[in-house]
Amino acid sequence: MNPVNYLYLAALLFTIGAAGVVIRRNAIVLFMCVELMLNACNLAFVTFSRLHGNLDGQIIAFFTMVVAAAEVVVGLAIIVTVFRSRHSASVDDASLMKL
Amino acid sequence: MSFPLLTATAVVPALGAVATAAMPAAQRAAAKWVALGFSLVTLALAAVMLVRFDPGGARFQLTESHAWIKDFGVRYELGVDGIAVALIALTAVLIPFIILAGWHDADPLESARPNRRWRPTQGFFALILMVEAMVVISFEATDVFLFYIFFEAMLIPMYFLIGGFGDRAGGRSEEETATQRSYAAVKFLLYNLAGGLIMLAAVVGLYAVTADQLGTGTFSLQEIVQARAGGRLDMASGTERLLFLGFFFAFAVKAPLWPLHTWLPNAMGESTAPVAVLITAVVDKVGTFAMLRFCLQLFPEASKWATPAIMILALISIIYGALLAIGQRDIKRLIAYASISHFGFIILGIFAMTTQGQGGATLYMVNHGVSTAALMLVAGFLITRRGSRLIADYGGVQKVAPVLAGTFLIGGLATLSLPGLAPFISEFLVLVGTFSRYPAFGVIATVGIVLAALYVLILYQRTMTGPVKAEVRSMPDLRVRELVVVAPLIALLIFLGVYPKPLADIVNPAVDHTMSVVDKKDPKPDHPVTDAGWFSYSPKSEGASHDGASGGAK
Amino acid sequence: MENLIGLLVAVPLLGAALLLCGGRRLDGKGHYIGTVLAGASFVIGAVLFADMLGRGEHDRALHSKVFSWIPVGGFRADVAFQLDQLSMTFVLLITGVGTLIHIYSIGYMEHDERRRRFFGYLNLFLAAMLLLVLADNYLLLYVGWEGVGLASYLLIGFWQHKPSAATAAKKAFIVNRVGDVGLSIAIMLMFTTFGTFTFAPVLTNADHASEGKLTAIGLMLLLAACGKSAQVPLQSWLGDAMEGPTPVSALIHAATMVTAGVYLITRSGAIFNAAPDAQAAVVAVGAVTLLFGAIVGCAKDDIKKALAGSTMSQIGYMILAAGLGPIGYVFAIMHLVTHGFFKAGLFLGAGSVMHAMNDEVDMRKYGGLRKYMPVTFITFGLGYLAIIGFPGLSGFWSKDKIIEAAFAKGGTEGWILGGAALLGAAITAYYMTRVMLLTFFGEKRWVPDEEGHEPHPHESPSSMTIPMIVLAVGSVFAGGLFSVNDAFLKWLEPVTGHSHGDSPLSAAAVTAGTMVVLAIGVALAWAQYGRRPVPRTAPRGSLLTRAARRDLLQDDFNHVALVKPGQYLTRGLVYVDHKLVDGVVNGTAASVGGLSGRLRKLQNGYARTYAVSMFGGTAVLIAATLLMRAV
């Protein structure tokens, strides 16, 4: 199968993720959409790795996974703390940093 | 290796700042004494410097030189010439008086909540010492980059001194005072920062030019001057002019020169009197000093090119500052505008490019420091007593507090350059120096003399004479601490006015050197007379002189 | 002997320092200290004078360099003194009259709680004035010049609680400052022309310089003299200066300080001799002022202001004489000395009268005082006879010579100047007779003061009358003594030079003419004030009288021409500084602030808005990259 199709899939997933980030308000869903975007990138990296015939893409994919894992930990912790104090997981409610 | 006197003179106040800041909150009184002690040690070091400095010796003395940032040719290079020694001595003399005068200015208000970590007093005196350290090292630095760092860093403690410890007088609400104060502090910071950033660009540019032409870039003043003299460094005139303007802009803001002056009245008006003295008598002098040391010596050709424009700006400063001083209703702002007028004289003297002009300008820096300190500090004592800065709120003080009024008058007379007091000599030298090269400028500048009399005497008349106002009736006369501050300053004014020779002897060789770098010589008199000896003059009798007289009648 | 010169200045200076810094504990004896030190400097002066007389005519001058003052490059000023015959004359006048007035002030200021300070200022004045006449260069002279200005400022404003006194003091200082600018420019011109401003080299070489330069220097010196000596156009301060205590008016504003301008011009004779245009200006100023002051003196009802007008006019005579060149220098100084005697005497007499009349100064409220104050009447009367130039008295000898010299100037100019001087003599006789009649003759016109106290005129204490008597003796005999054998002329000639003019009129004719105009003046005054009773309130008077009462509109002119425009200018500039100079900067700050305020709206706090902008930005970047590659 033509590896380029994987790239199309990655683009599609990324777009879905991006649309989710822009449209949804629930922090958990938002978070899942971010993960979706990251994984779309991973897919693209791996595909490139295959296309170019070296391992750079795969290595970067591993890095991304590690970072994503760390991010999940921190992110979820923040979301839980915010939920505890505000009783809401909506990101629009937490727009107090503006002037 | 000999004792690093110059470093020590800068390090001692810095250590003093740290020590003062470290004092516990309850030890407020002790912190003041620590600060005073360190400032006195600095004064002693400055005195040693004055003694060890040999006016007839090398151009820069007591030099220290260490590599600092090798890759960029930045060196820790210190050295003093006569001008720097005079100004360091001025700084070292004034700081103890500033500390003494501000003894109670930073005491926490009675209403303030007791707080274990609240230490405004310690902060106030630590900041003053910090400023002293930075000013001293700016006077000593012969490396452009080193100078630049401290020239800019000075803004930080000054910002906090203006913004954090404002004048409590004014009869305004706490909130309005705070607003005005932060406005003044931010204005001060922005003006000087803007100047400093432009200078930074010029400093980098200078490095690029030296790196390009000498092979290795350098910031060393002496190296650059020597390279220029030896013909190894030959800047294109366009480049030189741009670099000159970059440096000059920063110094003109600091000095301040019209039209970059508007931060000064705000800063001096809103800060306490001792801080106002710190600004105008000490920190601003770095600006005029740097014009002499860096602008003229690094860029002699461009300096000559810019002279007419700068002279005109200086003249405007003189007259404009004096006229605005006449129009002020606030005592401290009046003194601030008077200072702008005086800075005009200093800059006029520097760019007149004559020995008298530059020597006079250097003496002017010292004398203006002392005279403004005397006037401003007494004004501060007055303002603290009545709680108002408005001239109209006073009247008849002379009757209730004659010593205060007397010292205020002497400070005022020094400000209007009365002969016999120090500023007269410097002002006259500047005028003569300007006149001998640019007669018209010299004549116009004399208008400043008349206007100075006007603003000083109007101020004195409205505050000190006339019927005693009810609010000043119970005003106490100067206290011992205040007298200790003012009396030595007045003594210094009289001493330097009667016998300025020691100071002039220190300054003269440095001025001669600057003149030779700029390659300018004093204009020769039209009919030079050799000293014919006393009383060789006897009037021509009968015939000849009578003809002369009646010749006019025909 | 040389060292004594420095001591001459140092002694009163020490007195000033002691009295001003000494504090309250000297209150009880401050006036004695001041007087003794003034007397001491007179004694030193007398010793030096005796020493000088003992030496030959051409080596009488002494010089003493104390220390090098300002050495910067080619600019060298020393603190050095020079004592020649001219300076000696002044030293004796200053310390002599000064000491007498110190003695007088002991009585006059007896009830003033700040008497110690008053004596301190008087001593400061003596020191500055002696410095002025003893300096051997123009810059040191300038120090004394402004020093006397300062002392004058402090003393005019001595009763500072009166706003009028404080204003008058300020006015005097500032008008004088305008003159001082002239002196400083003159010094600068000397420096650029000769490379020095020490008397000896400058004056010896004066005629080497171009006439243009010398004229400029001369005019600037004249400006200085106008300020200090209250000559037109800088005359306006002298009348107001009468706000000061009367001894001050006598010492500073009659006998010594105001004559400093005459000293300056005489001292700089060599410059003026070589600059005829400057001389013409000096003569013109002198002639105008002598008439101006005399006219003002005629209209004033305030006794001190009438005398102030007279002082202005008499100094006009001196300036006129000094402007005539070598014909006149000696007579200028001679008139200066005799004037010092009789005018100081007249002022002290006026002070004595005021002392007796509850400080009333309006002459229309005096009258008939001769019976109550005989000593004052006689001394004042002798001073009066001296000033109008009554034959045999001091003023006669000196003024007559000036009128003669004015005619001797020659040509039309001589006639104009001589005529002006004669006219001035007539007016002098008129206004002085008026003062005399209003004060001492006629019926009593006394009125109770504000608190209802009837005046009880009485003779003043002896500390006040003795100085008056001494000065009266001087007023009577000084002129005659000076003229015996032309003693004064011979004394000063080695310093100032002298030449005889060719007068179109003989000396006798001039004297006769003077006598005639004098009689006319006295007769006119008698007709107006002696024969009929004088009203207590002044009649409206003619246009000229009203103008003269307002000092010939000098203040109105200054107000319209200088003060008002100045006020508008400063107010305008304050506005400009705030709105324009500061406004440009604040405007920049405000526009940056406004822009960021608008941009701030983009930051609404919603994470998704930021996400969209990120995606949008990335999309734009990618599009741009692709586009670049395509091109």
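Throughout, protein chains are lettered first and strands after them, A, B, ... in sequence-line order, and every chain is numbered starting at 1.
- Heavy atoms of Leu150(C) lying under 4.5 Å from chain B belong exclusively to its side chain.
- Contacts of Pro523(B) with chain C are absent, with no heavy-atom separation under 4.5 Å from either backbone or side chain.
- Within 6.0 Å of CZ on Arg462(B) lie no more than 12 heavy atoms contributed by other residues, nucleotides or ligands.
- Looking at Ser164(C), there are no atoms closer than 4.5 Å to chain B (heavy atoms on both sides), in backbone or side chain.
- A salt bridge is defined here as a Lys NZ or Arg NE, NH1 or NH2 lying under 4.0 Å from an Asp or Glu carboxylate O, and Lys187(B) with Asp582(C) meets this definition.
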I would like to know whether Phe435(B) and Leu189(C) meet side-chain contact (heavy atoms from CB on, under 4.5 Å); could you show each step before the answer? CA-CA 8 Å; Phe435(B) 187 86; Leu189(C) 272 167; 3.8 Å; yes
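- Here His578(C) contributes atom NE2 and Leu324(B) contributes atom CG; the two are 12.0 Å apart, rounded to the nearest 0.5 Å.
- Across all non-hydrogen atoms, the minimal contact from Ser184(C) to Thr446(B) is OG-CG2, 4.4 Å.
- There is no contact between Asp512(B) and chain C, counting heavy-atom distances below 4.5 Å.
- Heavy-atom pairs under 4.5 Å with chain C were tallied for Lys399(B), Lys524(B), Gln356(B); the largest tally goes to Gln356(B).
- Only the side chain of Leu429(B) comes within contact range of chain C, with heavy atoms under 4.5 Å apart.
- The nearest pair of heavy atoms linking Asn508(B) to Pro71(C) is ND2-O, 2.9 Å.
- Neither the backbone nor the side chain of Phe272(C) comes within contact range of chain B, judged by heavy atoms closer than 4.5 Å.
- Counting only distance, with no hydrogens or angles, the side chain of Gln398(B) and the backbone of Gln160(C) share no donor-acceptor pair below 3.5 Å.
- Contact annotation for Leu154(C): only side-chain heavy atoms (C-beta onward) come within less than 4.5 Å of a heavy atom of chain B.
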Which is it for Trp69(C) and Ile425(B) under the side-chain contact (heavy atoms from CB on, under 4.5 Å) test, yes or no, and what are the steps along the way? CA-CA 10 Å; Trp69(C) 184 29; Ile425(B) 290 163; 3.8 Å; yes
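- Between Lys170(C) and Tyr460(B), every side-chain heavy-atom pair lies at or beyond the 4.5 Å cut-off.
- Tyr455(B) does not touch chain C: none of its heavy atoms, backbone or side chain, sits under 4.5 Å away.
- Between chain B and the options Val79(C), Leu139(C), Leu20(C), Val202(C), the largest number of non-hydrogen pairs under 4.5 Å is found for Leu139(C).
- In this structure a side-chain-to-backbone donor-acceptor pair under 3.5 Å is missing from Arg571(C) to Gly327(B).
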As a quick check of understanding, evaluate side-chain contact (heavy atoms from CB on, under 4.5 Å) for His261(B) and Asp577(C), giving each step before the final call. CA-CA 10 Å; His261(B) 64 275; Asp577(C) 193 55; 2.7 Å; yes
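- Taking each heavy atom of Gln328(B) and Val574(C) in turn, the nearest pair found is NE2-CG2, 4.2 Å.
- Considering every non-hydrogen atom in both Met188(C) and Val432(B), the closest pair reads CG-CG2, 3.7 Å.
- The greatest number of non-hydrogen atom pairs below 4.5 Å with chain C, out of Leu418(B), Asp505(B), Val507(B), is found for Leu418(B).
- For the pair Val443(B) and Ile185(C), the minimum side-chain heavy-atom distance is below 4.5 Å.
- Note: Tyr142(C) and Phe424(B) meet the aromatic proximity criterion, with ring centroids under 6.0 Å apart.
- Ile458(B) touches chain C through backbone and side chain together, each having a heavy atom under 4.5 Å away.
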When you look at Ile70(C) and Phe428(B), which way does the side-chain contact (heavy atoms from CB on, under 4.5 Å) test go after all the steps? CA-CA 11 Å; Ile70(C) 317 177; Phe428(B) 199 82; over 6 Å; no
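- Minimum interatomic distance between Pro419(B) and Val143(C) (heavy atoms only, all atoms of both residues): CB-CA, 3.5 Å.
- For Leu413(B), the part lying near chain C is the side chain, with the backbone staying farther off; criterion is any non-hydrogen pair under 4.5 Å.
- In this structure, chain C has heavy atoms under 4.5 Å from both the backbone and the side chain of Lys501(B).
- Within the 4.5 angstrom heavy-atom criterion, only side-chain atoms of Gln461(B), from C-beta onward, approach chain C.
- Within 6.0 Å of CZ on Phe67(C) lie more than 12 heavy atoms contributed by other residues, nucleotides or ligands.
- Annotation for Thr570(C) and Leu323(B): closest pair CG2-O, 3.2 Å, computed over non-hydrogen atoms.
- Of the listed residues (Ile326(B), Thr355(B), Ile449(B), Val450(B)), the greatest number of heavy-atom pairs within a distance under 4.5 Å of chain C belongs to Ile449(B).
- Contacts between Val403(B) and chain C at a heavy-atom distance below 4.5 Å are absent for every atom of the residue.
- Side-chain contact between Phe173(C) and Leu454(B) is absent, with no heavy-atom pair separated by less than 4.5 Å.
- Between chain C and the residues Leu431(B), Asn266(B), Leu260(B), Leu416(B), the most heavy-atom pairs under 4.5 angstrom are made by Leu416(B).
- With a 4.5 Å cut-off on non-hydrogen atoms, Glu211(C) does not touch chain B at all.
- Listed options Leu363(B), Asp522(B), Thr354(B), Val498(B) were ranked by heavy-atom pairs under 4.5 angstrom with chain C; first place goes to Val498(B).
- Neither the backbone nor the side chain of Leu190(B) has a heavy atom closer than 4.5 Å to any heavy atom of chain C.
- In this structure, the side chains of Asn586(C) and Tyr183(B) come closer than 4.5 Å at one or more pairs of heavy atoms.
- Most heavy-atom pairs under 4.5 Å with chain B: of the set Ala206(C), Gly411(C), Ala209(C), this distinction falls to Ala209(C).
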